[in-house]
There are 2 protein chains.
Amino acid sequence: MNIASLKNNLKAVDTASLVDKVEGSLVELLQERKLKVGDAIPKEIELAEALGVSRTVIREALLRLRMMGLIESKKKKGAVITSPDLFGIMSKSMNPHVLDQDTLREMFEIRLVLEIGMADFLFQRIKKEDLDELKEIVSKEPPVTDYHLFNIEHEIAFHGKLYEITGNQTLKKFQKLLLPIFDYVHNSGLLKKQPMLRKFVSHKGLVDILENGSPELFRNAMRNHLENHFARLFD
Amino acid sequence: MNIASLKNNLKAVDTASLVDKVEGSLVELLQERKLKVGDAIPKEIELAEALGVSRTVIREALLRLRMMGLIESKKKKGAVITSPDLFGIMSKSMNPHVLDQDTLREMFEIRLVLEIGMADFLFQRIKKEDLDELKEIVSKEPPVTDYHLFNIEHEIAFHGKLYEITGNQTLKKFQKLLLPIFDYVHNSGLLKKQPMLRKFVSHKGLVDILENGSPELFRNAMRNHLENHFARLFD
DNA sequence: ACTTTTATTATGTCATACATAATACATCAT
DNA sequence: ATGATGTATTATGTATGACATAATAAAAGT
């Protein structure tokens, strides 16, 4: 009898650890019973007895759920269900020092993709107050000097506001996550050369288009605005 | 003495739990010593003794690192350092049934942003073989019927290939992550109405532009191609 | 009625023992 | 000697029991 036929007859005994199984059971519990956010789940000991495993295993499984953002546990109240914050989880391992260079560069690229691609949502959801705030930010724009090719904080204020305008909280969180990466990549020797000082479409130019232009115009303008970054990636 | 002045004098005793501290120490250890991927880290007992805490605490901290994708632990070999897979981590909690509706809709939106914004990377990195493959995919495009507004598998094949062409692995993983979400959102009653059957720029049209056009043209074409989805969000 | 003290409770931490899987080493038959 | 088979070792996985600690509720005191 060869290996292949064995595989067919022996049907893979599950190699999953106890914790794995318990984790599965708990996740099921959460989504089946349609528990509302804020509801408490049973105590560790109760779970241990109900599932017939030790509290150790329950605790490890709960820890996993906690890391996934599915629950939060407080000292006395036990654990309560929470709505998972996807990027909050990622932010844990989003440490520039532990990511390899390829990944860092790719995150850098994704930021560019997002800002060019978000145009339609900007135009769909921008309000008058947003426009005013953008103008306010632009009016405070510091001059470009030789030492500081651009002012990081001002960049963050402007571009961050754009993410906010999209009305997409998840996207906004993503951006917050990308910030340290962007900073790191920009300053490390990861990319080919220092950006040129040539100015392309300015922040003010972008605002003008937001006020009077179209998504199409904005996409192209943003692409142009980010030219220095693209140049460092492509040239 | 009021609260404010207290805050200044008492300098925030760290409320972090033991596990929190140990986790921090371990992360430091990983990034300071510049350990290569595949290197083994000390055994649990050694760590426990070195840091002066119980093995329980060490284990919980290690579990966190494992969930962050920083290490992998095997039965005998102890734990080895791995390069964290950001989206692999997220995929753990990326279960449509545990995410709230707003988040789901926002993930849906992000997909649209990405596909419109990725144009420059497509043009920069596409190879002749990629173009051939895209043409091959398009040639097998099933006809549109009343029952199936579009064939999901074909959609995935085509758009997935685009992500692949960007050469951005992280982006590609992101897309894989988004797939079940997209499917779920599309089929659930989350969005306003069924997409219309009107055809806009086709897959073939997109390929033509990839061959002879420019990033600008592609962005606009993709925006048009996705019009049905946008309509469901905006109308 | 309001503050302070005490008791309760569920998670956090510790210690120890044993189970289990992966590996290395020793053994044996040919 | 070689290759298969058994045995020992080792580090993680699981179980158990105990105590610490923080948050809450209940009781006591003014």
Side-chain angles (χ1 to χ4, degrees), chain A residues 1-3 6 10 12-27 29-30 35 37-82 92, chain B residues 1-3 6 10 12-26 29-30 35 38-82 92:
Chain A
M1 187 181 260
N2 61 21
I3 299 269
L6 259 179
L10 243 58
V13 60
D14 61 342
T15 173
S17 76
L18 255 182
V19 178
D20 291 331
K21 297 174 193 165
V22 170
E23 176 192 343
S25 303
L26 293 180
V27 170
L29 178 73
L30 293 197
L35 298 176
V37 170
D39 285 357
I41 65 177
K43 318 308 170 195
E44 293 179 354
I45 297 185
E46 295 172 13
L47 288 173
E49 284 174 7
L51 295 178
V53 296
S54 75
R55 194 177 148 222
T56 310
V57 171
I58 296 290
R59 276 185 65 76
E60 259 197 59
L62 285 178
L63 174 55
R64 292 191 187 174
L65 298 197
R66 204 154 63 227
M67 287 213 70
M68 294 181 206
L70 289 182
I71 63 171
E72 264 176 20
S73 31
K74 292 269 176 176
K75 268 266 162 128
K76 158 131 181 176
K77 280 272 279 208
V80 299
I81 299 180
T82 59
K92 285 278 183 179
Chain B
M1 188 180 261
N2 59 22
I3 298 271
L6 258 180
L10 243 56
V13 61
D14 59 343
T15 172
S17 77
L18 256 183
V19 178
D20 291 330
K21 295 174 195 165
V22 170
E23 177 191 343
S25 302
L26 291 180
L29 179 74
L30 293 197
L35 298 176
D39 286 356
I41 65 177
K43 318 306 169 197
E44 292 178 354
I45 297 185
E46 294 172 14
L47 287 173
E49 285 173 5
L51 294 177
V53 296
S54 76
R55 196 178 146 221
T56 310
V57 171
I58 296 291
R59 275 184 65 77
E60 268 202 44
L62 285 179
L63 173 54
R64 292 192 187 175
L65 298 198
R66 203 155 63 226
M67 288 213 70
M68 294 180 208
L70 289 183
I71 63 171
E72 265 175 19
S73 30
K74 292 268 175 171
K75 267 267 161 131
K76 157 130 184 179
K77 278 260 302 202
V80 299
I81 300 180
T82 58
K92 284 278 182 181

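In what follows, every chain begins at residue 1, and chains take the letters A, B, ... in the order their sequences are listed. Note that this is a predicted model, so its numbers are computed, not measured.
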Student: Can you sort out the partners of S73(B) under side chain to side chain donor-acceptor pair (under 3.5 Å), two or more places apart, ordered by chain and number?
Tutor: R66(B)
Student: Closest approach of V22(B) and A61(B), non-hydrogen atoms and distance?
Tutor: CG1-CB, 3.6 Å
Student: Show the nearest heavy-atom pair for residues E23(B) and M68(B), with the distance to one decimal.
Tutor: OE2-CE, 2.8 Å
Student: What is the distance, rounded to the nearest whole Å, between atom CD1 of I71(A) and atom P of dA10(C)?
Tutor: 16 Å
Student: Answer whether the closest heavy-atom distance between the side chains of L62(B) and I41(B) falls below 4.5 Å.
Tutor: yes
Student: Applying salt bridge (Lys or Arg N to Asp or Glu O under 4.0 Å), which residue pairs with at least one partner in residues 49-63 of chain B are found, sequence neighbours left out?
Tutor: R59(A)-E60(B), E60(A)-R59(B), E44(B)-R55(B), E44(B)-R59(B)
Student: Please enumerate all protein N or O atoms sitting under 3.5 Å from an N or O of nucleotides 12-17 of chain D, with distances to 0.1 Å.
Tutor:
residue	atom	partner	partner atom	Å
dT12(D)	OP2	E44(B)	N	3.1
dT12(D)	O4'	K75(B)	O	2.9
dG13(D)	OP2	R59(B)	NH1	2.9
dG13(D)	OP2	R59(B)	NH2	3.3
dG13(D)	N7	R55(B)	NH2	2.9
dT14(D)	OP1	L18(A)	N	2.8
dA15(D)	OP2	S54(A)	N	3.2
dA15(D)	OP2	S54(A)	OG	2.9
dA15(D)	N7	T56(A)	OG1	3.2

